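Because the structure is a prediction, the values reported are computed rather than measured.
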Amino acid sequence: MYDVVIRNGLIVDGTGKKPYKGDIAIEGDRIEKISNSIDEKGVREIDATGRMVIPGLIDPHVHEEWICLIDGTYEYCLRQGVTTVVNGNCGHSIVPGPTEKIIDYYWGNGLMSTKQRDEYKKSFPKWNDFKGYAEAVQEKGSTLNFVTLMGHGTIRWAVMDGAHNRPPSEDEKKEIESILRHNMEQGAWGISFGLDYVPSRYADIDELTDVAKIIEEYDGVAAAHLRHMIGIKEATEEFIEVGKRSGVKIQVSHLKSTCPEAFDVALNAAKDGLRVLVDTIPLSTGHCTSKSRLIQFVMAISDDLFSKGEEGVKAALKTKEGRETIKKDAYIFAGDKSDKFIINSDIPELEYRSIQDIADERNQDPDECILDLLADDNNYTFWLGGRIRPDFPKNGHVQSIIDNPYVCVGTDEILGDPEDPFDWYELLRRGGFPIFANMYLEKGVPYEEIVRRNTSMVAKHFGIEKRGELKEGYFADISIIDLENYNFPSPDEVDYKKPLTVATGVDYVIVNGQLTIYEGNLTNTFSGRVLKKI
């Protein structure tokens, strides 16, 4: 008798082959048998008639590395059919440590609130490297498998004792190299760069290449949030050049579909032999950001205010010179104010009104209006971009992106605060995989190709062994999809008062052989693992 038998499903094995009807038997954490018909019984039997049985989806770009220390459930991932995520993106990292310094870095970049920072310094387990972090996560428990990148920004900040706009000294280079090698030898998967963020944005192409060459020695991956300030196509070309100079496998992170030419740059590089994948956010609302969190973000992205903390931003809001500094640096709310809204407001008459509308009513410059709102004593959320961000258009991808075989989903789900989901959230990324699937199905892309791009392709690129395919002897990471009901609310339907909305259409998920969703219910088996590249 097997532990689990899945019967009568349409098996989409992750390789791109056409679906076929069959049964799958699971024993322990592995797929034991795949056949047209399995006679032996299972302790658990699943009738998958009319459903797609696929390898667990792999999300190569999230920010969930420490959320499991608070809540390892990750329901939003499981409800999409995701079983493995790649953490540590955009230059943000859980190493080198100690834990308190990592927390300070995340706070400094706006990725933890002040309340979270103070609480987590008391409650988080202690680690100083990838091995210690992996042990802490495994002890706490996660429903997902973790692939973990190191963050260049965190490491550079730790070694150089702050965010400095200069190259590292020779001694600092040696220390950075030592940290990279130490953690790669413990099982980390590579490096991520955050080239819009302090301090990664201070690194020139030579510094990036030097780091990438070390990662290449371990057959790791280098991922990058690009240097968007120089242009999307130009930023893509810069990172492609890092890949060419170093030979490292590269992951172009959350590439914007408004620039098809950038996708072409990656495609041409792949045709020339570069090992490259592109992940993209299929659709995104603007970020819903509490006032206190937005003040942190202003601090995080400003060269002048980064070292002055939240109080420095609050002080800057009170002076003409300080406001000019904020307007110069705070690209997150620059430009048109008609797509920036006030929600969750203490003042009912401001609810769901644009900054432009409020400024017109007050006969005020819209830049000064948003700064006044940021500086006043009322509580509300700034919805920066509204229901549709212009850099992730509602009408979907153009044909050249759809046809690009190196494009996969990267939801870029944000960390936020699991204990206060209204502090910082985004409303569509929690449904990135069904949104992508439906977008591409409507364009005539076969479902087996959609699955391949988001399972075996990602697994092979990162070197995640025995995952990403339904194959005998592989780990039993399996999702069962009711494709007709696999969905997520559209931008017009999604409710900003419900930040924890999840996808529909996934009633069964298996992680390392354990039923994590069974008959639509979470089982909280916490059977995920911190995977190691050794």
Side-chain angles (χ1 to χ4, degrees), residues 54 56-89 111 137 140-147 254 279-289 392 408-439 454-455 458 477-482 485-491 493-511 514-528:
I54 70 171
L57 299 168
I58 302 173
D59 191 335
H61 190 102
V62 299
H63 296 274
E64 299 288 4
E65 50 266 23
W66 51 261
I67 294 294
C68 60
L69 301 174
I70 310 302
D71 180 5
T73 305
Y74 296 114
E75 180 178 7
Y76 85 90
C77 287
L78 298 172
R79 295 290 182 188
Q80 296 179 84
V82 173
T83 60
T84 299
V85 296
V86 179
N87 280 319
N89 283 289
L111 302 172
V137 172
K140 182 69 177 178
S142 168
T143 62
L144 302 176
N145 299 313
F146 284 3
V147 168
H254 46 59
D279 62 72
T280 189
I281 304 165
L283 204 56
S284 183
T285 68
H287 285 191
C288 301
T289 312
F392 298 99
C408 59
V409 176
T411 62
D412 196 18
E413 173 64 7
I414 56 180
L415 294 158
D417 183 347
E419 296 173 307
D420 181 9
F422 285 94
D423 184 50
W424 177 32
Y425 59 102
E426 195 284 337
L427 291 160
L428 295 180
R429 299 185 189 182
R430 298 167 67 89
F433 285 88
I435 291 170
F436 182 90
N438 289 319
M439 181 191 299
N454 295 293
T455 55
V458 181
D477 293 344
I478 301 173
S479 296
I480 302 177
I481 310 291
D482 178 0
N485 293 303
Y486 188 47
N487 216 330
F488 195 81
S490 73
E493 297 166 332
V494 73
D495 184 350
Y496 67 77
K497 296 289 188 182
K498 297 179 179 178
L500 301 182
T501 300
V502 295
T504 59
V506 180
D507 292 330
Y508 299 91
V509 177
I510 298 168
V511 179
Q514 300 295 309
L515 282 154
T516 305
I517 295 182
Y518 181 70
E519 295 182 341
N521 298 310
L522 291 171
T523 64
N524 291 338
T525 56
F526 296 101
S527 57

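- A donor-acceptor pair is defined here as one N or O able to donate and one able to accept, closer than 3.5 Å; such a pair exists between the side chain of Tyr486 and the backbone of Gln80.
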I would like to know whether His63 and Asp412 meet side chain to side chain contact (heavy atoms under 4.5 Å, CB included); could you show each step before the answer?
CA-CA 7 Å; His63 296 274; Asp412 196 18; 3.0 Å; yes
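- Shortest non-hydrogen contact noted between Val85 and Cys77 is CG1-SG, 4.2 Å.
- Between Glu65 and Asn87, the shortest heavy-atom distance links the atoms N-OD1, 3.4 Å.
- Judged by distance alone, the side chain of Thr523 and the main-chain N or O of Thr516 form a donor-acceptor pair under 3.5 Å.
- Closest of all the heavy-atom pairs between Tyr74 and Cys68 is OH-N, 2.9 Å.
- Pairing each heavy atom of Met439 with each of Pro282, the nearest pair is CE-O, 3.6 Å.
- Annotation: the span from Asp417 atom CG to Tyr425 atom OH amounts to 13.5 Å, rounded to 0.5 Å.
- Rounded to the nearest 0.5 Å, atoms CG (Asn524) and CG (Leu78) are 9.0 Å apart.
- Here the shortest heavy-atom pairing between Pro491 and Leu283 reads CG-CD2, 3.7 Å.
- The main-chain N or O of Asn521 is never found under 3.5 Å from a side-chain atom of Glu519 such that the two would form a donor-acceptor pair.
- Remark: of the listed residues Thr455, Asn454, Leu57, Asn454 is the sole one forming a side-chain contact (heavy atoms from CB on, under 4.5 Å) with Cys408.
- Between Ile510 and Tyr508 the shortest side-chain heavy-atom distance does not fall below 4.5 Å.
- The shortest side-chain heavy-atom distance between Thr525 and Val511 does not fall under the 4.5 Å cut-off.
- Annotation: the span from Glu64 atom CD to Asp59 atom CG amounts to 9.0 Å, rounded to 0.5 Å.
- Looking at Thr411 and Val62, their side chains come closer than 4.5 Å, going by heavy atoms from C-beta outward.
- Remark: the backbone N or O of Glu413 is not paired with any side-chain donor or acceptor of Tyr76 at under 3.5 angstrom.
- At least one side-chain heavy atom of Ile517 sits under 4.5 Å from a side-chain heavy atom of Arg79.
- Proximity of Thr285 to Glu426: side-chain heavy atoms (C-beta onward) are separated by under 4.5 Å at one or more points.
- Between atom NZ of residue Lys140 and atom CZ of residue Phe526 there is a gap of 8.5 Å, rounded to the nearest 0.5 Å.
- Between the side chain of Arg430 and the backbone N or O of Thr501 there is at least one donor-acceptor pair closer than 3.5 Å.
- Of the inter-residue distances, the one linking Leu111 atom CG with Trp66 atom CH2 reads 7.5 Å to the nearest 0.5 angstrom.
- Note: Asp71 CG to Glu419 CD = 9.0 Å, rounded to the nearest 0.5 Å.
- Within the 3.5 Å criterion, the main-chain N or O of His254 finds a donor-acceptor partner in the side chain of Asp279.
- Closest approach of Thr73 to Thr143, counting heavy atoms only: O-OG1, 2.6 Å.
- Using a distance-only test at 3.5 Å, with no hydrogens or angles considered, no donor-acceptor pair links the side chain of Thr83 to the main chain of Asp477.
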